[in-house]
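See below for the structure under consideration.
To find a chain, count down the sequence lines: A is the first, B the second, and so on, and within it residues start at 1.
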Amino acid sequence: MSSVRIFASPSSWIESGAVDQCHQVAALDGMLHVAGMPDLHPGKGAPIGAAMTSTVLYPFLVGSDIGCGIAVFPIGLKRPVPEKLAARFPDLDEPVGADSLGTVGRGNHFVELARVDAVLDAAHAARLGLSTGSLVLIVHSGSRGLGERILRRHTEVHGAGPAPDPVSYLQDHDHAVRWGALNRRTMAERVARALGAELGDALVDESHNLVTYADGVYLHRKGAARGDGRDVLIAGTRGTRSFLVAAHAGPEANHSVAHGAGRKMSRADALRRGKAKHTVDELRRTPVGSYVVCGDRQLLFEEAPTAYKRIEQVIGDLTAHELATPVVSTLPLVTYKTAAHPAARRR
DNA sequence: ATGTAC
């Protein structure tokens, strides 16, 4: 008999469709436990913001962006002026070399230059070399077409069923997870070079779309980061804070934490309501003074901060359930989503 | 989120 537990306070709104999806997943053959994170929202077939254990491996529970995650790199810059730096960001839609390495992708992916605005755990922040005013590069991206091909190869034969040869799937999966981390590092290096900035080793790099195996149990994470004694960057929105946390989630939470603020509106709703509520200019130049590089107007509305839950609520829920302890918060200076001038791009 | 079809 499987169980479902949602880690959100009663005042945190969770779309009922996402909770329904947790129960649908829990009813699958071999399922053990579904843990919903406070950023839980509906996904395609499976919930996003969930960690799910079972005795069999379900590739669709990880989804197509295998190895998607968030990395944080320390970066050194003399005078970070958002508009000037925004103009110097490289074209991260253009790959480095033959495949799509070094590219950010679309959707909620981004590369952000951010500044530590508050230290919340002084000893832990000091260990990471972070203090108020420290600059970091936050990279949220995944395995691009590679992970998509791996899931499609499985789905074409087995649909949403389990992997009959989990070892073979895991080999491809693990490669995509490594590729995702390399992709994030590659982008950080591209940006640092373009800005003439010094880049340090990653302080944090955790995938939130992956499956791990131990003692006969597959732990699938979809929009949920490893929370077993690791540091995790939990992303806010393009115009609000993000939080670096020390995660210490136990078995009830499937050793996992949230990965971001979580959508509160579908992309279609965000586009429709956003167009009535915001101008393109106010989404590009945010209330916190940051600049958003995004030549795709539709994406700008879909990803508007108002389409997401409040990150402080998500962090509050994690803290209240003792899944994580906040270390520092960051405020964006420049967020790169996609090239500033899509018309100038060659096809 | 993605590549691809419309």
Side-chain angles (χ1 to χ4, degrees), chain A residues 15 17-18 21 37 39-50 52 58-71 92-95 97-112 138-157 159-160 169 172-173 175-184 186-187 206-211 220-225 235 237-238 258-271 294-304 307-308 335-339 342 345-347:
Chain A
E15 196 168 333
Q21 284 185 332
M37 299 295 126
D39 58 340
L40 186 72
H41 58 283
K44 212 174 174 178
I48 300 169
M52 302 155 276
Y58 288 101
F60 89 99
L61 291 183
V62 174
S64 62
D65 198 2
I66 301 164
C68 183
I70 300 183
L92 296 174
D93 300 316
E94 200 62 45
D99 57 15
S100 50
L101 191 68
T103 59
V104 64
R106 288 292 174 106
N108 58 359
H109 292 177
F110 64 85
V111 176
E112 181 170 288
I138 303 170
V139 184
H140 177 195
S141 187
S143 58
R144 312 289 282 107
L146 176 62
E148 197 271 339
R149 285 194 297 276
I150 293 167
L151 179 65
R152 182 153 39 86
R153 206 154 53 227
H154 171 87
T155 309
E156 276 171 358
V157 184
Y169 171 84
D172 294 344
H173 162 282
H175 177 232
V177 169
R178 289 190 297 272
W179 198 96
L182 177 63
N183 192 34
R184 292 187 285 276
T186 303
M187 274 183 276
E206 288 299 333
S207 172
H208 46 241
N209 290 350
L210 79 169
V211 57
H220 312 74
R221 291 182 172 95
K222 174 68 174 173
T237 71
R238 297 341 99 222
H259 77 314
R263 296 197 76 83
K264 80 180 174 200
M265 277 179 221
S266 69
R267 292 188 174 277
D269 283 348
L271 184 60
C294 184
D296 181 336
R297 298 163 64 97
Q298 180 171 327
L299 185 61
L300 212 45
F301 288 115
E302 287 176 357
E303 290 289 312
Y308 284 85
T335 306
Y336 181 101
K337 292 290 293 177
T338 183
R345 293 180 50 71
R346 63 179 172 78
R347 281 194 50 82

For A:R297, look at atom CZ and say whether over 12 heavy atoms of other residues, nucleotides or ligands are found less than 6.0 Å away.
no

Near DNA chain B, counting only heavy atoms under 4.0 Å, which residues of residues 141-150 of chain A show up?
A:R144, A:G145

Residue set satisfying side-chain hydrogen bond (donor to acceptor under 3.5 Å, both in side chains) with A:Q21, at least two apart, ordered chain then number -> none

Mutual orientation of the aromatic rings belonging to A:Y169 and A:H173 [parallel < 30°, tilted 30-60°, perpendicular > 60°]
tilted

Report which part of the nucleic acid A:N108 touches: base, sugar-phosphate, or nothing (heavy-atom distance under 4.0 Å, all strands).
sugar-phosphate

Among all residues two or more places apart in sequence or in another chain, which pass the salt bridge (Lys or Arg N to Asp or Glu O under 4.0 Å) test with A:R152?
A:E148

Below 3.5 Å, can you tabulate the donor-acceptor pairs from side chains in residues 97-104 of chain A to any protein atom, sequence neighbours excluded?
from   : atom 1 : to     : atom 2 : distance (Å)
A:D99  : OD1    : A:L101 : N      : 3.2
A:T103 : OG1    : A:S100 : O      : 2.5
A:T103 : OG1    : A:R144 : NE     : 2.8

Check side-chain contact (heavy atoms from CB on, under 4.5 Å) between A:I70 and all other residues, then give those that pass, not counting sequence neighbours.
A:I138, A:H140, A:H208, A:L233, A:A235

Among A:E302, A:E303, A:E15, find the residue that satisfies the side-chain hydrogen bond (donor to acceptor under 3.5 Å, both in side chains) test when tested with A:R263.
A:E303

Mind checking which nucleotides bracket the chain A contacts on DNA chain B, 5' to 3', with an atom under 4.0 Å from a heavy atom?
B:dA1 to B:dG3

Between A:H109 and A:D65, do the side chains contain a donor N or O and an acceptor N or O under 3.5 Å apart?
yes

